[in-house]
Each structure stands twice: as structure tokens, then as C-alpha cells.
Amino acid sequence: MSDFEHVFEQPPEGAAADWTIPQNWGAYTEVEHETWNTLYARQMKILPGRACEAYMRGLDALDLNTGGIPDFEVMNPKLQALTGWTVVCVPGLVPDEVFFDHLANRRFVSGQFIRKPDQLDYLQEPDIFHDVFGHVPMLTDPDFAAYMEAYGKGGQRAQSLGMLKNLARLYWYTVEFGLMKEADGLRIYGAGIVSSATESVFSLEDPSPNRLGFDLERVMKTLYRIDDFQQVYFVIDGLEPLKQATLQDFGPLYERLKGADDLPIETVLPEDVVFTHGTQAYARKGGRFAA
Ligand SMILES: C[C@H](O)[C@H](O)[C@H]1CNc2nc(N)[nH]c(=O)c2N1
Ligand SMILES: N[C@@H](Cc1ccccc1)C(=O)O
Ligand SMILES: [Fe+2]
């Protein structure tokens with residue numbers, strides 16, 4: 001059994017064989033639309049000057065602020081025209097192979113539900129605000145769009161080789177919690193950060209976490225936490241360099257990783273490019289559970 005409410009082992013009642021369900025946009029309540037509006041307005045006070053240029057451009061191109069939860073029938077044609085991606089609804093977390101199959105076909109899966117008004121700040125499961133506001137703007141960028149498709153194909157391969165644990169770390173430290181170096185400084189592109197009011201500030205400005213240059217093999221060895229702010233963020237030089245770094249055949253890399261130890265979250269190696277050597281004060285105080 002899982003602790004999550006929206007996790008299933010087979011497509012639940014009403015879901016198609018590929019696990020998708022209709023968005024049923026007309027059924028969202030006023031309160032649910034208001035939740036989207038509140039979260040959107042809050043992030044717009046925080047993200048200019050913090051989110052990367054590609055994200056801000058994508059958000060603008062998709063016009064996700066027309067009042068309430070976006071209707072996929074309106075959003076998808078715009079996204080598809082830009083990069084060929086579409087967004088489909090699923091009932092919750094889907095099995096890895098289902099997730100990868102959608103990505104490999106340029107379909108991003110989104111939760112259909114939105115968080116309750118008393119969960120505005122923290123939620124463990126991905127809802128439609130995280131999935132759409134967090135992920136979809138980046139999918140308008142051609143390099144990121146290609147990277148995500150390649151990740152889906154790479155996921156299928158990693159699964160067959162028993163290397164998913166390592167590949168999942170790449171997803172975590174890029175797609176979910178990635179930072180990018182731009183001309184004016186560090187910027188956010190990770191969906192887990194950009195959809196969180198508190199982590200948007202913490203990830204860039206707090207002295208606690210390490211901020212290290214992205215290195216593919218290093219990232220794939222690094223443990224991560226799912227229950228609190230990250231203790232390390234990895235900084236890419238841009239989306240094109242990220243795509244280039246992951247084009248290579250991961251076969252030899254996987255062979256090396258099989259014999260390698262995992263790296264604890266706080267580790268800073270002599271060869272790391274260090275943007276911030278964090279104090280780790282936040283984590284040591286007990287993080288979000290601190291008194
Ligand atoms: C690494 C792994 O593929 C990842 O955890 C997947 C699993 N299933 C998912 N299912 C949904 N709906 N959304 C997700 O982000 C994921 N992530
Ligand atoms: N190049 C990787 C696939 C991949 C691409 C991009 C991101 C993640 C994985 C492989 O050979 O397996
Ligand atoms: Fe996500």
C-alpha cells in the first residue's frame with residue numbers, strides 16, 4: 001500500500017488503457033478555479049527575475065492566466081504548435097513504464113485534481129498546478145522539449161537495464177529541481193521549484209543548500225530528498241548544453257555507475273564547480289519540521 005491517495009496499480013475505473021482520463025474541465029468548482037488563481041498570482045510576484053527566460057517566455061506564450069484552471073482543449077493547440085507536445089490527464093502517479101511511454105511520444109501527464117485550499121503551501125503528490133504551471137512552460141522550449149522526449153526513451157532503456165534509480169536522479173535534479181546560469185545570475189527552471197512559493201526563494205537565496213555545477217555522472221550518483229527543500233541544487237549552463245550532455249549513449253556510464261557508491265546529499269567533491277558551499281543550517285535545524 002502507498003501513503004498517497006492518487007496512486008494505482010492498474011488503470012482505475014474510467015481510465016483508458018494508457019491511463020489517461022478526460023480533464024472534464026466543466027466540472028471544476030469555483031473554489032478550485034480560485035485555488036489556481038491564488039497560486040498563480042502568488043508565483044507571479046516571485047518568479048520575475050528568478051525563473052529562467054525560457055520559462056517566463058513559455059508561460060507567456062501559453063496564456064495560462066485567463067481565469068482559473070487552464071482548459072487543455074485551449075492550451076494544447078498552442079503547445080502543440082510550438083514543440084509538438086500535448087498534456088493529458090491521469091488519475092495520479094502512474095507506473096514508470098506508462099510515464100515513459102507518454103514522454104517518449106511528447107505527451108506530458110498531469111494530475112486532474114487541484115490541491116485543497118488548506119494545502120496551498122505543501123503537497124507531496126503532483127496536482128494540476130504543479131504539473132501544468134510547473135512543467136508545461138518549459139515544454140515550449142525546443143531544446144527542453146527534445147530533452148524530455150529523450151528522457152522518456154531513456155527511461156524505458158534504463159528500466160530494462162535495472163538503472164532507473166540512477167536515471168531518476170537526473171530527472172529530479174534537472175526537470176524538478178534544476179537551476180540554470182544565465183547572464184544576470186542563477187535562475188530556476190525546475191518545476192518543483194517554480195511551482196513552490198517558498199522553494200523559489202530558498203533555492204536561489206538561502207545560504208543553506210549547496211549549489212554545484214551540473215555533471216551528469218555525479219548527478220546520477222547523488223541521493224535526494226522528497227520530503228523537504230533540497231540540500232543541493234545542480235546548475236546547468238543552458239538548455240542546449242543539457243541536451244548535448246545527455247545525447248550520448250548511457251551504456252558505458254551505466255557500467256561505471258554499477259560499481260560506484262551513492263553520494264550523500266551534502267557531499268562537495270574537490271572536482272565540483274561550487275556556486276555556493278552551503279551551511280546546511282536549514283536541514284540541520286530539522287527542516288520544515290523544525291520547532
Ligand atoms: C522516475 C519515474 O519515472 C517517476 O517517478 C514517474 C513515475 N510516475 C509518474 N506519474 C505521474 N503522473 N507523474 C510523474 O511525474 C511520475 N513520475
Ligand atoms: N542518452 C540516454 C537517453 C537519455 C537522454 C536524455 C535524458 C535522459 C536519458 C541513453 O542512451 O540512455
Ligand atoms: Fe513534477
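Reckoned from all heavy atoms, side chains included, excluding hydrogens, waters and symmetry mates. Given the structure is predicted, the values throughout are model-derived calculations rather than measurements.
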### Query
ring-ring contact (aromatic ring centres under 6.0 Å, His included) between Y173 and F234: does it pass, once the steps are laid out?
CA-CA 6 Å; Y173 282 121; F234 291 97; 4.9 Å; yes

Separation of [Y] [atom2] from [X] [atom1] (nearest 0.5 Å):
| X | Y | atom1 | atom2 | result |
| --- | --- | --- | --- | --- |
| K181 | D237 | NZ | CG | 4.5 Å |
| D121 | S196 | CG | OG | 8.0 Å |
| N37 | N65 | CG | CG | 6.5 Å |
| L239 | E53 | CG | CD | 10.0 Å |
| M75 | T86 | CE | OG1 | 8.5 Å |
| E182 | C52 | CD | SG | 5.5 Å |

Single-linkage hydrophobic cluster, 4.5 Å side-chain cutoff, [X] and [Y] together:
| X | Y | answer |
| --- | --- | --- |
| I128 | M44 | yes |
| V274 | M180 | yes |
| V219 | V273 | yes |
| L123 | F289 | no |
| F108 | F177 | yes |

For [X] and [Y], which heavy atoms make the closest approach, and how far apart are they?
| X | Y | answer |
| --- | --- | --- |
| G58 | T140 | CA-OG1, 3.2 Å |
| L82 | A61 | CD1-CB, 4.1 Å |
| K221 | A260 | CE-CB, 3.9 Å |
| R169 | L223 | NH2-CD2, 3.5 Å |
| A158 | Y254 | CB-OH, 3.5 Å |
| N210 | T267 | ND2-O, 4.2 Å |

Taking atom types as modelled and ignoring hydrogens, do the side chains of [X] and [Y] form a donor-acceptor contact shorter than 3.5 angstrom?
| X | Y | value |
| --- | --- | --- |
| E176 | H135 | yes |
| T174 | Y147 | yes |
| Y55 | D141 | no |

### Message
Under the criterion side chain to side chain contact (heavy atoms under 4.5 Å, CB included), I'd like the reasoning laid out for Y151 against L103: C-alpha separation, chi angles, the key distance, then a yes or no.
### Response
CA-CA 7 Å; Y151 184 89; L103 296 184; 4.0 Å; yes

### side-chain hydrogen bond (donor to acceptor under 3.5 Å, both in side chains) against D127, all qualifying residues, sequence neighbours excluded
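Partners of D127 under the side-chain hydrogen bond (donor to acceptor under 3.5 Å, both in side chains) test: R115.
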
Would you say the side-chain atoms of [X] pair up with the backbone N or O of [Y], donor to acceptor, closer than 3.5 Å?
| X | Y | answer |
| --- | --- | --- |
| Y189 | A54 | no |
| W85 | A145 | yes |
| S200 | I193 | yes |
| T83 | L139 | yes |
| R42 | T38 | no |
| Q23 | F72 | yes |
| S195 | G134 | no |
| D131 | G111 | yes |
| T276 | G278 | no |

Sequence neighbours left out, cut at 3.5 Å: what donor-acceptor pairs do the side chains of residues 95-102 make with other protein atoms?
| residue | atom | partner | partner atom | Å |
| --- | --- | --- | --- | --- |
| E97 | OE1 | Q159 | NE2 | 3.3 |
| H102 | ND1 | R107 | NE | 2.9 |
| H102 | ND1 | R107 | NH2 | 3.4 |
| H102 | NE2 | D18 | O | 2.8 |

### Query
Apart from L263 itself, which Ile, Leu, Val, Met, Phe, Trp or Tyr residues share its cluster (side-chain heavy atoms under 4.5 Å, direct or through members)?
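Members alongside L263: L269.
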
Are any of the side-chain nitrogens in [X] or [Y] under 4.0 Å away from the carboxylate oxygens of its partner?
| X | Y | value |
| --- | --- | --- |
| K116 | E32 | no |
| R256 | E217 | yes |
| R225 | D227 | yes |
| R211 | D206 | no |
| D272 | R218 | yes |

### Message
side chain to side chain contact (heavy atoms under 4.5 Å, CB included), that's the test. Do F214 and I236 meet it? Break it down for me.
### Response
CA-CA 5 Å; F214 176 85; I236 60 171; 3.7 Å; yes

### Message
Please confirm whether the ring centroid of F133 lies under 6.0 Å from the ring centroid of F129.
### Response
yes

### Query
When the aromatic ring centroids of F229 and F202 are compared, is their separation below 6.0 Å?
yes

Inspect the surroundings of [atom1] in [X] and state if more than 12 heavy atoms from other residues, nucleotides or ligands are less than 6.0 Å away.
| X | atom1 | answer |
| --- | --- | --- |
| E205 | CD | yes |
| E73 | CD | no |
| D118 | CG | yes |
| Q280 | CD | yes |
| Q10 | CD | no |

### Query
Do L93 and E125 have side-chain heavy atoms sitting under 4.5 Å apart?
no

### Task
Would you check if E149 and K153 make a side-chain contact, meaning some heavy-atom pair closer than 4.5 Å?
yes

### Under the ring-ring contact (aromatic ring centres under 6.0 Å, His included) test, residues paired with H33 that sit two or more places apart
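Partners of H33 under the ring-ring contact (aromatic ring centres under 6.0 Å, His included) test: W25, Y28.
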
### Y233: partners by ring-ring contact (aromatic ring centres under 6.0 Å, His included), with sequence neighbours left out
none

### Query
In chain order, what residues pass the side-chain contact (heavy atoms from CB on, under 4.5 Å) check against A146, with sequence neighbours excluded?
R106, K243

### Task
Hey, can you tell me if Y224 and W172 have their rings parallel, tilted or perpendicular (30° and 60° cut-offs)?
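Parallel: the ring planes of Y224 and W172 meet at under 30°.
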
### Task
Apply side chain to side chain contact (heavy atoms under 4.5 Å, CB included) to the pair T246 and L170, showing each step before the final yes or no.
CA-CA 10 Å; T246 50; L170 175 62; 4.1 Å; yes

#### Entry: Test side-chain contact (heavy atoms from CB on, under 4.5 Å) applied to I114 and I69, V132, V31, the passing residue
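It is I69, the one option of I69, V132, V31 that forms the side-chain contact (heavy atoms from CB on, under 4.5 Å) with I114.
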
### Task
Please report the C-alpha distance between L253 and M220 in whole Å, then the side-chain angles of each, then the deciding distance to 0.1 Å, and finally whether the side chain to side chain contact (heavy atoms under 4.5 Å, CB included) criterion is met.
CA-CA 10 Å; L253 176 55; M220 287 213 232; 3.5 Å; yes

